[in-house]
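Quick notes on the structure that follows.
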Amino acid sequence: MSKAIGIDLGTTNSCVSVVEGDVPVIIPNERGGRTTPSVVAFTHDGQRLVGSAAVNQATMNSSRTVFSIKRQMGTSWKTRIDGRDWTPQEISATILRKLRSDAESYLGEKVTDAVITVPAYFNDMQRQATKDAGRIAGLNVLRIINEPTSAALAYGLNTGTGQKVLVYDLGGGTFDVSVIEIGENLIEVLATCGDNHLGGDDFDARIVEWALEELKRTQQTDLKQDPVALSRVREAAEQAKKELSNTEKAEINLPYLTQKNGQPVHLSLTLTRARFNELTRDLVDRTAEPVYTALADAGISAASLSRVLLVGGSTRIPAVQEKVRQLTGKEPSRNINPDECVAQGAAIQAQTLSGSQALSVNSSMLLLDVTPLSLSIETVGGVATRLIERNSTLPIHYSRIFTTAAPFQSSVEINVLQGERPMAADNKSIGKFTLKGIKRAMAGVPQIEVTFDLDTNGILCVSAMDKDTGKQQSITISANDKMSEAEIQDAIRDAEQYAAQDALRREASGIGYDAQHLIQDVEKALSEKGKQLDREEKKRITEAERELTRLISKKPEKMDASDLSQIRAAMEHLRTCSAHLMQL
Ligand code: AMP
């Protein structure tokens with residue numbers, strides 16, 4: 001029986017894990033990375049790149065590179081590339097397919113079963129879209145689970161039972177806080193809260209803003225129109241932020257960032273941790289409210305928490321850790337890598353659900369997730385009448401009798417809503433259907449039973465039945481943007497068709513982009529310092545450059561091993577020819 005994997009499909013980075021022995025281990029990607037950037041690019045020569053390969057070419061190909069697709073899940077967002085519309089499900093499926101293929105290379109066997117995690121705040125459509133993405137990627141999605149639940153499961157391996165725990169998850173693009181209870185054979189999510197638009201990217205943006213202002217102030221240079229320079233600043237800002245998690249000062253050094261009046265402009269700045277904390281204080285402060293709300297919803301005070309878990313790369317920021325201490329009065333636990341524990345928990349859950357191998361500690365562990373928002377239907381006067389309260393434990397089944405508002409009304413529209421507001425219009429309508437054939441009667445006489453069934457993936461089925469006539473109508477929530485079965489099947493076929501090509505292209509594309517970067521660096525150096533070379537040397541460099549350009553112009557899917565070794569040799573040759581130039 002093949003192994004089931006756990007996937008943390010993140011906004012910024014994704015991570016895959018599998019249980020080996022009794023331990024969830026992280027599966028490295030083909031470059032050896034333990035997390036993979038959730039970035040997809042469509043190159044002009046028909047390749048689809050995922051991860052670092054996509055990030056590396058993003059500046060040159062920004063309109064065809066997709067970042068943070070997770071933010072668009074469950075919406076009608078589409079991007080048109082080469083005359084074809086791509087949905088968020090399909091873009092996410094491209095990422096999932098790559099993760100699956102990395103897992104297959106690591107395990108040396110085919111992988112189909114997976115558990116995928118989503119933020120606790122994801123609504124129904126976002127969960128359904130994630131499940132569809134998994135299917136398009138050829139995965140059998142055993143379950144969609146909340147990220148904090150998954151992290152807790154990873155911690156559940158090495159913590160005792162009977163504890164109430166707060167999970168504080170600050171990743172690249174989302175913030176989630178959950179209060180959970182770890183029981184003997186049970187992890188129950190008591191409450192969740194969060195902010196879908198708060199994460200490490202915002203911290204990077206603050207450093208970028210600061211650096212651009214410094215550049216304007218000291219060198220009267222504006223980079224707004226220079227995307228290549230901007231992306232270098234962005235990259236350096238993230239790097240500085242990470243360094244500041246361990247040091248008090250970080251240098252941002254970007255020589256030849258841009259040109260002004262024909263002169264090169266260099267950026268050289270020192271960012272102290274104190275200044276960084278000032279620049280980002282309000283972001284850190286924004287995490288307080290959801291913590292208070294989650295505690296209040298769970299009906300507990302911070303004092304009754306046994307533990308606080310830190311999840312997500314951004315919890316490495318010292319000011320964030322300090323904030324958590326201040327909010328909870330507890331020293332947060334960090335004994336599992338915050339970037340990896342969500343995937344590890346998903347792997348444990350995948351193992352448990354697939355039943356391929358009993359896990360000694362968690363084989364019978366049951367997960368109780370909660371619905372993040374209340375579910376209602378619209379009733380007379382545009383009121384949202386609740387059937388399922390937020391933070392109800394899943395799965396849940398609930399029925400209630402409604403009636404008609406007008407005499408001899410023969411049909412009712414069931415408008416299903418998600419949200420906390422009392423009026424229907426203020427909530428999100430996630431599906432509508434009409435129950436026809438209601439028995440003719442005075443207003444208030446017919447008995448219409450409305451049933452909500454919310455499964456363990458958080459996917460909702462709503463049905464309505466006239467108890468007199470037995471007429472029944474139901475929907476599994478489908479937003480306008482939800483893909484039809486036929487569309488999903490098309491997308492699965494399309495993705496499978498690409499799988500064979502992807503394996504071939506992966507290696508070729510990596511080397512292709514390294515070569516392009518080398519050519520760009522040489523070009524840049526030639527334009528800045530070429531005048532200092534004699535004609536012969538310049539000629540040698542341009543010829544080596546031309547040869548490399550010729551070799552990489554071949555489509556990656558048409559390349560074979562000998563093409564790759566020729567490219568490697570040509571890169572080496574260009575490096576040798578331009579060594580003197582680069583040192584000038
Ligand atoms: P995740 O979504 O959990 O992978 O978190 C990704 C975010 O964590 C990105 O914004 C990273 O820049 C950030 N991150 C990763 N490592 C560090 C670090 N050492 N210090 C601060 N932020 C980090």
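For ligands, and for the atoms within them, numbers begin at 1 and follow the listed sequence.
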Check the orientation of Trp86 and Phe42. Use parallel for under 30°, tilted for 30 to 60°, and perpendicular for over 60°. tilted

If a pair satisfies salt bridge (charged side-chain N to carboxylate O under 4.0 Å, His left out) and one of its residues is in residues 110-119, list it, with sequence neighbours excluded. none

N/O to N/O under 3.5 Å, ligand 1 against protein:
unit_1: ligand 1; atom_1: 2 (O); unit_2: Gly172; atom_2: N; d: 3.2
unit_1: ligand 1; atom_1: 3 (O); unit_2: Gly313; atom_2: N; d: 2.9
unit_1: ligand 1; atom_1: 4 (O); unit_2: Asn13; atom_2: ND2; d: 3.3
unit_1: ligand 1; atom_1: 5 (O); unit_2: Gly313; atom_2: N; d: 3.2
unit_1: ligand 1; atom_1: 8 (O); unit_2: Ser314; atom_2: N; d: 3.3
unit_1: ligand 1; atom_1: 10 (O); unit_2: Lys241; atom_2: NZ; d: 3.2
unit_1: ligand 1; atom_1: 12 (O); unit_2: Glu238; atom_2: OE2; d: 2.5
unit_1: ligand 1; atom_1: 12 (O); unit_2: Lys241; atom_2: NZ; d: 2.7
unit_1: ligand 1; atom_1: 20 (N); unit_2: Ser245; atom_2: OG; d: 2.7

I'd like to check the side chain to side chain donor-acceptor pair (under 3.5 Å) partners of Ser38; sequence neighbours left out, ordered by chain and number. Ser14

Run the side chain to side chain contact (heavy atoms under 4.5 Å, CB included) test against Ser306 and tell me which residues pass, sequence neighbours left out. Gln163

Could you tell me whether the side chain of Thr221 and the main chain of Gln219 form a donor-acceptor pair under 3.5 Å? yes

If you apply the rule side-chain hydrogen bond (donor to acceptor under 3.5 Å, both in side chains), what do you find for Glu251 with Thr270, and how did you get there? CA-CA 5 Å; Glu251 306 292 334; Thr270 302; 3.0 Å; yes

